[in-house]
Amino acid sequence: MAAARVLLLLSGRPESVGFAQSVCGLLGAGPGPGPWPTHCGWKPGQLLLSDRPFPGASARLPLQRPPFCPFAALDQQPRPPGTELPTSRGVDLGVAIILQSSDQTVLLTRRTRTLRVSPNLWVPPGGHVELEELLDGGLRELREESGLQLPAGQFSWVPLGLWESAYPPRLSWGLPKYHHIILYLLVISQESEQQLQARIQPNPSEVSAFTWLGADVAAAVAATEDGTETPGLPSQELPPSVPQLSLCSAVEIEKNGGARPLALPVSTLLRTTPATTEDTERVSTGTKFALGLWLQHLARQSGAHVDPGCAKEVQNADPRHTNQESDKPSA
């Protein structure tokens, strides 16, 4: 097995996780919807998780998975013939950046339709992390996908939460080929949306469009899929300004790298995960989870009430902040 990226502290010692094992299940996730508070520590290219405090732990973060997680399903039912999964692979590590502008909007990008993993999904910039600091890896992905390099000393960051990700996301789509734990990092820029927009240069091989979401639309998106398979909320349950807002402003990237305005229907962002393998344009389930955590962070900063219908309350312990960007090259 290659060098383990995700380790669990079980029985007092770190152990690697096999590809076919459910991380949430190993950490004691019950039948409820979660999330489950998890203690975590990190070092270059590696994440250590435990259901209890341990020396060197950096934060206590919510860990979540969708109810249709294929690894959870495989744990709970006998595997039919032909469902063998890799035994020489572990669980990979990914980082996604929730980039917040100074005027409190966040950046989402649409993955190109030609990508073999999660095509046509709206997600924050992010990706696979190797032997590098997790913040460095996230900022590298932000730079590679959006062209944005944040000036040193002009941003802060805080870890938001962890997501157990599989692709394909449902067993009805086929056996999983990828298994990641995604660490969502909130990076708060001192630049406004307009200033960031002026510098953004998306990579057309990975990004086909991008948009900025304010808190109202983000709350509606986060509420449409909270770990159940029910359809989106009826309009009377959405934030008051959202039912009247049928379109979001977005930018579509052309194959030659050019850009044009895109009128993005809000209904597209409210879609839930389909049961079939359609490349349905929608916001990923993990992204909805992360948007809910972002809204909680905003509420804590302002002292406002958090609507439990839009986001579950989670306690971050000892979040680490920085205002320096490392120039360490990627592995």
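What's counted below: heavy atoms across the whole structure, side chains too, no hydrogens, waters or symmetry copies.
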Is it true that a side-chain atom of [X] and a backbone atom of [Y] form a donor plus acceptor pair closer than 3.5 Å?
X    : Y    : value
Q21  : G18  : yes
S146 : R143 : no
Q46  : A4   : yes
S192 : S102 : no
W157 : I188 : no
T105 : D103 : no

Pairs where residues 177-203 contributes a residue and the test salt bridge (charged side-chain N to carboxylate O under 4.0 Å, His left out) is met, not counting sequence neighbours: E191-R199
What residue pairs, at least two apart or across chains, pass salt bridge (charged side-chain N to carboxylate O under 4.0 Å, His left out) with a residue in residues 263-285? R110-E281
Are the side chains of [X] and [Y] in touch, meaning some heavy atoms are under 4.5 Å apart?
X    : Y    : value
R116 : Y167 : no
L150 : L196 : yes
L107 : P125 : yes
L74  : L85  : yes
T109 : P202 : no
P176 : L171 : yes
V251 : Q197 : yes
V106 : P124 : no

Can you list the other members of the hydrophobic cluster that holds L121, where links are side-chain heavy atoms under 4.5 angstrom apart? V123
[Y] reachable from [X] in the ILVMFWY side-chain graph, under 4.5 Å edges:
X   : Y    : result
L48 : L135 : no
V17 : Y178 : no
L47 : W36  : no
V23 : W42  : yes
L10 : L49  : yes

What distance separates [X] [atom1] from [Y] [atom2], expressed to the nearest 0.5 Å?
X    : Y    : atom1 : atom2 : result
Q64  : K288 : CD    : NZ    : 13.5 Å
D92  : E130 : CG    : CD    : 7.5 Å
L148 : I97  : CG    : CD1   : 11.5 Å
L7   : C40  : CG    : SG    : 13.0 Å
L9   : F54  : CG    : CZ    : 6.0 Å
C24  : W163 : SG    : CH2   : 8.5 Å

Which of parallel (below 30°), tilted (30 to 60°) and perpendicular (above 60°) describes F71 and H179? parallel
For Q195, look at atom CD and say whether over 12 heavy atoms of other residues, nucleotides or ligands are found less than 6.0 Å away. yes
For the CD atom on E15, are there more than 12 heavy atoms of other groups (residues, nucleotides or ligands in this structure) within a distance under 6.0 Å? yes
Kindly give the heavy-atom pair with the smallest separation between [X] and [Y], and that separation in Å.
X    : Y    : answer
A219 : L295 : CA-CD1, 3.4 Å
T287 : L108 : CG2-CD2, 3.8 Å
W173 : P168 : CB-CB, 3.5 Å
R60  : P37  : NH2-CB, 3.3 Å
I98  : A290 : CD1-CB, 4.0 Å
L185 : P159 : CD2-CA, 3.8 Å

Could you give me the CA-CA distance, side-chain angles and deciding distance for L293 and Y184, then say whether side chain to side chain contact (heavy atoms under 4.5 Å, CB included) is met? CA-CA 9 Å; L293 297 179; Y184 286 101; 5.7 Å; no
Pair T112-S205, side chain to side chain contact (heavy atoms under 4.5 Å, CB included): steps then yes or no: CA-CA 7 Å; T112 62; S205 66; over 6 Å; no
Summary of ring pair (Phe, Tyr, Trp, His ring centres under 6.0 Å) pairs that have at least one residue in residues 86-133, sequence neighbours excluded: H128-H180
Pairs meeting criterion ring pair (Phe, Tyr, Trp, His ring centres under 6.0 Å) with involvement of residues 248-277, two or more places apart: none
Chi angles and distances behind the side chain to side chain contact (heavy atoms under 4.5 Å, CB included) call for E164, V91: CA-CA 10 Å; E164 185 164 17; V91 177; 5.8 Å; no
Between R170 and T273, do the side chains contain an N or O donor and an N or O acceptor separated by less than 3.5 Å?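 Side-chain D/A pair, R170 to T273: absent.
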For R5 and V129, run side chain to side chain contact (heavy atoms under 4.5 Å, CB included): C-alpha distance rounded to whole Å, both residues' side-chain angles, the deciding distance at 0.1 Å, then the answer. CA-CA 9 Å; R5 301 292 178 227; V129 173; over 6 Å; no
Would you list the atom pairs, donor with acceptor, under 3.5 Å between side chains in residues 28-35 and any protein atom, with sequence neighbours excluded?
none

